Amino acid sequence: MAEGTVDMAEKTANVEEGVWYAGDIDRVIVTEEEIKEKVAELAKRVAANYADKEGLLLVAVLKGAVMFMADFSRALGLPVELEFMAVSSYGQRATSSGTVRILKDLDRNIAGRHVILVEDIIDSGLTLSWLLKYLSSRNPASVEVVALLRKPEAMKVKVPVRYVGFDIPDEFVVGYGLDYAERYRELPYVAVLKPEVYRR
Ligand code: PRP
């Protein structure tokens with residue numbers, strides 16, 4: 001093959017097999033199949049509890065929760081509205097500082113609405129703790145949390161989370177919305193990266 005030519009056949013094969021980052025992955029913590037099953041299970045539980053309620057509003061925080069929000073909202077089978085917020089902890093961090101700045105606020109008034117905060121991961125719990133106070137101050141009819149992943153060993157504050165998908169070990173994970181340096185969000189599974197990836 002001529003220098004500089006991309007081997008499209010190989011690229012296509014990798015994409016079809018979902019292995020485009022395979023060399024960077026140490027091990028998969030939650031498989032694509034397990035995520036699908038869990039999303040369906042969580043959606044079923046939530047739908048049963050909200051079947052008789054009007055005006056369900058799902059709030060997700062960009063960017064990590066995007067994949068979970070998309071799949072969870074479609075699995076619910078109830079009429080819902082979607083809202084997105086963007087927040088930032090001050091400064092770069094490997095762990096949360098707990099200080100939160102709103103980069104994108106809610107687009108509408110949530111007073112009187114049944115709100116479900118859709119979170120990809122609860123790590124220290126600091127972001128969630130702040131968000132719950134923030135949402136509650138807007139006088140919703142109710143607020144509950146559904147989180148796909150939780151790291152019990154990393155939690156610094158107690159937060160009431162009604163629906164949890166998986167409790168996982170206190171390791172840095174990527175995939176299904178979660179990133180390392182903005183990469184790996186599109187992976188269909190949740191995985192731990194090889195240590196050398198961080199040294200690049
Ligand atoms: C992640 C995740 C949660 C938060 C959890 O977001 O989406 O919102 O961290 O951490 P905590 O429990 O320790 O507060 P991140 O700030 O990495 O932004 P991103 O979603 O854009 O990747």
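Read the numbers this way: they start at 1 and go in the same order the structure lists the ligands and their atoms. Keep in mind that this is a model prediction, so the values were computed, not measured.
When atom types are taken as modelled, the side chain of K156 and the backbone of L126 share no donor-acceptor pair closer than 3.5 angstrom. The backbone N or O of M69 sits less than 3.5 Å from a side-chain atom of S73, completing a donor-acceptor pair. Side chain of S136 to backbone of K133: no donor-acceptor contact under 3.5 angstrom is found.
Residue-ligand proximity, S124 to ligand 1, at heavy-atom distances under 4.0 Å covers atoms 11 (P), 12 (O), 13 (O), 14 (O). Interface of L126 with ligand 1, defined as ligand atoms under 4.0 Å from a residue heavy atom, comprises 12 (O), 14 (O). Using a 4.0 Å cut-off to heavy atoms of E119, the atoms of ligand 1 that qualify are 3 (C), 7 (O), 8 (O). Contact atoms of ligand 1 toward L62: 20 (O), 21 (O) (distance under 4.0 Å to a heavy atom of the residue).
Between V39 and A75, the closest heavy-atom pair is CG1-CB, 4.2 Å.
The 12-atom threshold is exceeded at CD of E182, counting heavy atoms of other residues, nucleotides or ligands nearer than 6.0 Å.
If you run side-chain contact (heavy atoms from CB on, under 4.5 Å) between E83 and each of L117, V59, V115, only V59 comes through.
Contacts between K156 and ligand 1 below 4.0 angstrom, taking non-hydrogen atoms only, are absent altogether. With a heavy-atom cut-off of 4.0 Å, L128 does not touch ligand 1 at all.
On a distance-only criterion, I121 and ligand 1 share no N/O pair closer than 3.5 Å. Here's the thing with G64: one of its N/O atoms is less than 3.5 angstrom from an N/O atom of ligand 1.
Distances shorter than 4.0 angstrom occur between a heavy atom of G125 and an atom of ligand 1. Using a 4.0 Å heavy-atom cutoff, M155 is absent from the residues neighbouring ligand 1.
For D24 and Y180, the side-chain atoms include no donor-acceptor pair closer than 3.5 Å.
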